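As a basis for the values below, the full set of heavy atoms in this structure was taken, side chains included, without hydrogen atoms, waters or symmetry mates. Treat the numbers as computed from the prediction; the structure is a model and nothing was measured.
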Amino acid sequence: TERSIAVRTHRMSWTTLAVVVSLFAAWATPAEAALPGDCVVLARVTSLDRALKDTGALMAQVQPGVNDQMLAMLLGQALKNPTLNGIDRTKPIFAVVLDPMKHGSKPVALVVPLSDRVQFEQALLSAMTKADRPDGLTSFTTARGKELFVAYADGQVIVAWAAPACQGAL
């Protein structure tokens with residue numbers, strides 16, 4: 001079908017974006033958590049494992065061969081943690097989109113429950129270098145200079161691709 005052809009022609013970065021958006025859009029429910037004042041979108045997935053399984057089944061209808069393990073790997077690549085080590089995949093995960101006028105061109109943050117903070121950081125350190133920042137955030141940088149910003153709160157990690165988004169989601 002036309003949609004199937006379009007999906008095949010997208011590059012990996014567009015596929016990753018589509019997977020992340022579909023994970024959060026398909027299972028979004030009203031959040032009970034307090035929102036940052038400049039939050040424009042909040043999506044909640046009640047269980048990452050369930051969302052990956054259901055999205056994998058849906059994507060397999062459009063793109064044969066796609067499954068939940070492949071989607072987990074794509075999400076892991078976006079989080080710079082390919083095997084999702086230290087992430088509690090049974091608890092809710094949130095995507096927060098903040099006002100881009102206040103938080104710049106990358107206003108997205110993920111709030112991810114942790115099962116083991118040490119394992120999570122070790123996974124990031126396998127491919128990145130760590131630096132503690134004076135603003136309380138921790139940055140992880142790849143060899144190519146791409147940064148990932150994290151902050152820890154209440155058994156969760158806030159992950160963002162820009163420091164202002166990470167600070168805004170706290």
* Quick one: CD on Gln156 to CD1 on Ile87, what's the gap to the nearest 0.5 Å? -> 12.0 Å
* Structure fact -> Looking only at heavy atoms, the pair that brings Ala165 and Ala160 closest together is CB-CB, 4.0 Å
* Got a sec, which residues hit side chain to side chain donor-acceptor pair (under 3.5 Å) with Lys130, two or more places apart in sequence or on another chain? -> Glu121
* Answer whether the closest heavy-atom distance between the side chains of Leu79 and Leu84 falls below 4.5 Å. => yes
* Pair listing, salt bridge (Lys or Arg N to Asp or Glu O under 4.0 Å) test, anchored in residues 145-163, at least two apart -> none
* To do: Under the side chain to side chain contact (heavy atoms under 4.5 Å, CB included) rule, what do Leu71 and Val66 come out as? Steps first, then yes or no, please.
  => CA-CA 8 Å; Leu71 298 178; Val66 174; 4.0 Å; yes
* **Chi angles and distances behind the side chain to side chain contact (heavy atoms under 4.5 Å, CB included) call for Phe120, Val112** => CA-CA 11 Å; Phe120 179 79; Val112 181; 5.7 Å; no
* Within the side chain of Thr55, is there an N or O that forms a donor-acceptor pair under 3.5 Å with the backbone of Leu52? -> no
* Applying salt bridge (Lys or Arg N to Asp or Glu O under 4.0 Å), which residue pairs with at least one partner in residues 86-102 are found, sequence neighbours left out? -> Asp49-Arg89, Asp88-Lys91
* Could I get the full list of side chain to side chain donor-acceptor pair (under 3.5 Å) partners for Thr141, not counting sequence neighbours? => none
* Say you draw a straight line from CZ of Phe140 to NZ of Lys80; how long is it, rounded to the nearest 0.5 Å? -> 13.0 Å
* Asked: Going by heavy atoms in the side chains, are Val159 and Val111 under 4.5 Å from each other?
  -> no
* Kindly write out the residues that satisfy side chain to side chain donor-acceptor pair (under 3.5 Å) with Arg133, not counting sequence neighbours, or none if the list is empty. => Asp135
* **Partner residues of Thr138 under the side chain to side chain donor-acceptor pair (under 3.5 Å) criterion, sequence neighbours left out** => Asp132
* Structure fact -> CZ (Phe149) and CD1 (Ile158) are apart, to the nearest 0.5 Å, by 14.0 Å
* Rounded to the nearest 0.5 Å, how far apart are CG of Leu74 and CE of Met59? -> 8.5 Å
* Asked: Would you say Leu137 and Val150 make side-chain contact, with heavy atoms under 4.5 Å?
  -> no
* Enter the distance from Leu148:CG to Leu110:CG here, rounded to the nearest 0.5 Å. => 9.0 Å
* Asked: Closest heavy-atom contact between Cys39 and Val96?
  -> SG-CG1, 3.9 Å
* How long is the span from the CG atom in Asn81 to the CG atom in Leu125, to the nearest 0.5 Å? -> 10.5 Å
* Would you please name every residue forming a side chain to side chain contact (heavy atoms under 4.5 Å, CB included) with Lys106, sequence neighbours left out? => Trp161, Ala162
